[in-house]
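Please read the structure below before turning to the comments.
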Amino acid sequence: METMANRVTVGLDGSPESTAAARWAAHEAELRGASLDLVHAEEWLENPPLPVTTTEERRQWAEAVLRDTADETHRAHPSLKVDTRRVGGLPSLALARAAEDSDMLVLGSRALGSIAGFLVGSTGAATVIEAVRPVVLVRSVDRAGNPPDGTRDRGPIVVGVDIHQPCDKLLAFAFEEASHRRCSLVIIHGWSPPPILSYAPALDPGVQQEMAHGITTTLDEMISPWREKYTSLQVDSRATIGQPAIQILDAASTAALVVVGRRIRHSAFGAHIGPITHAVMHHAVAPVAVIAHE
């Protein structure tokens with residue numbers, strides 16, 4: 001991981017979801033021995049809790065949100081250094097810029113139900129695409145802004161990897177996070193056999209087992225340097241047959257944090273979030289960290 005300013009940044013918009021994000025971020029900052037930066041993007045009012053009309057009313061409302069959140073954070077974490085600020089511009093860009101020298105940017109997302117999953121608003125989704133730093137999406141399950149099961153800091157860290165792509169940034173973040181929390185780490189690679197094996201499995205019964213062995217070996221080789229660096233961590237690596245998103249979500253049902261990647265694409269069509277990360281973002285109950293990588 002690059003050397004950062006030892007800071008956790010959280011975006012606030014006055015909603016219960018951003019309250020949940022601030023509570024999770026404060027806990028995370030304390031784990032890391034970092035400071036907490038509370039940021040309000042001036043135009044971030046997708047679903048404003050109050051009718052805010054004039055510029056002066058917006059300023060007073062934003063300052064009250066920042067002040068109240070800072071006060072609550074100080075009560076819960078007296079030794080934590082907390083800063084507040086307002087930033088202007090397009091919210092997704094403003095939040096991404098605000099977190100450029102932070103360990104991570106934390107945002108809230110809203111629960112829609114067990115089937116529909118969670119709503120990542122347009123600002124949150126756009127910020128995930130714009131940010132070069134890890135973005136953590138924190139769930140809120142009630143109107144008081146409480147994350148599910150408190151901070152859920154006792155579960156494992158689950159990270160989804162693709163053995164065919166560079167995963168150093170994902171693994172660096174996941175191993176470091178597990179080290180901070182002193183918890184176990186579960187590494188998932190989901191894969192599917194070629195369709196011909198489904199149509200004609202009798203051609204060679206050992207082909208699928210041979211493929212599975214090769215994939216497991218490649219996964220172990222990818223993880224090996226990180227195991228050697230973090231020798232005290234309990235690491236469970238799994239190369240499982242099935243859709244990657246489903247495998248990750250399955251493993252993450254009791255996780256403290258789920259880590260997935262987003263490839264930085266430089267194309268005429270612009271950046272986007274891949275289908276696996278998109279599915280995990282919208283359906284994982286645990287907080288989801290999205291790591292941008294080449």
Side-chain angles (χ1 to χ4, degrees), residues 8-29 31 36-41 44 46-47 69 91-96 98-99 102-114 116-142 145-153 155 157-160 169-170 173-174 177 181 245 248-249 251-263 271-293:
V8 174
T9 298
V10 58
L12 295 177
D13 67 352
S15 67
E17 293 75 43
S18 73
T19 298
R23 290 172 179 168
W24 188 92
H27 177 74
E28 179 69 19
L31 280 174
L36 181 67
D37 191 16
L38 305 177
V39 177
H40 172 75
W44 189 9
E46 291 178 326
N47 297 289
T69 306
S92 57
L93 289 172
L95 290 168
S102 294
D103 295 327
M104 66 183 68
L105 172 63
V106 185
L107 304 173
S109 62
R110 179 162 56 91
L112 293 178
S114 58
F118 295 87
L119 175 66
V120 180
S122 59
T123 294
T127 305
V128 167
I129 292 172
E130 294 290 349
V132 296
R133 301 301 305 147
V135 179
V136 180
L137 302 169
V138 177
R139 316 314 191 184
S140 176
V141 294
D142 62 30
N146 293 310
D149 302 331
T151 55
R152 293 191 64 170
D153 61 330
I157 304 297
V158 172
V159 56
K169 283 195 173 182
L170 274 77
F173 182 91
E177 188 69 21
R181 293 172 178 266
I248 295 167
L249 289 168
S253 59
T254 59
L257 181 69
V258 189
V259 183
V260 288
R262 176 188 72 79
R263 290 189 65 191
H272 73 283
I273 299 168
I276 296 170
T277 293
H278 184 274
V280 174
M281 282 170 52
H282 286 271
H283 293 285
V285 174
V288 176
V290 182
I291 314 301
H293 64 95

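Predicted model only: the values in this text are computed from it and were never measured.
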* Which of these passes side chain to side chain contact (heavy atoms under 4.5 Å, CB included) with V280: V259, I248, L137, V290? ->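 Passing option: I248.
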* The single option from I157, V288, V158 passing side chain to side chain contact (heavy atoms under 4.5 Å, CB included) against L257 -> I157
Rounded to the nearest 0.5 Å, what's the gap from [atom1] on [X] to [atom2] on [Y]? Could you check?
X    : Y    : atom1 : atom2 : value
T69  : L12  : OG1   : CG    : 4.5 Å
L36  : T9   : CG    : OG1   : 8.0 Å
H27  : R23  : NE2   : CZ    : 14.0 Å
M281 : I273 : CE    : CD1   : 4.0 Å

Least distance between heavy atoms, [X] atom then [Y] atom:
X    : Y    : answer
R181 : A256 : NH1-CB, 4.1 Å
A292 : K169 : O-CD, 3.4 Å
H283 : L249 : C-CD2, 3.8 Å
G124 : L107 : CA-CD1, 4.0 Å
L105 : G11  : CD1-N, 4.2 Å
S92  : A126 : CB-CB, 3.5 Å

* Applying side chain to side chain contact (heavy atoms under 4.5 Å, CB included), name anything that partners L170, two or more places apart in sequence or on another chain. => V159, I291, H293
* Can you list the residues that meet the side chain to side chain contact (heavy atoms under 4.5 Å, CB included) rule with A96, with sequence neighbours excluded? ->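 For A96, the residues satisfying side chain to side chain contact (heavy atoms under 4.5 Å, CB included) (neighbours in sequence not counted) are E130, A131.
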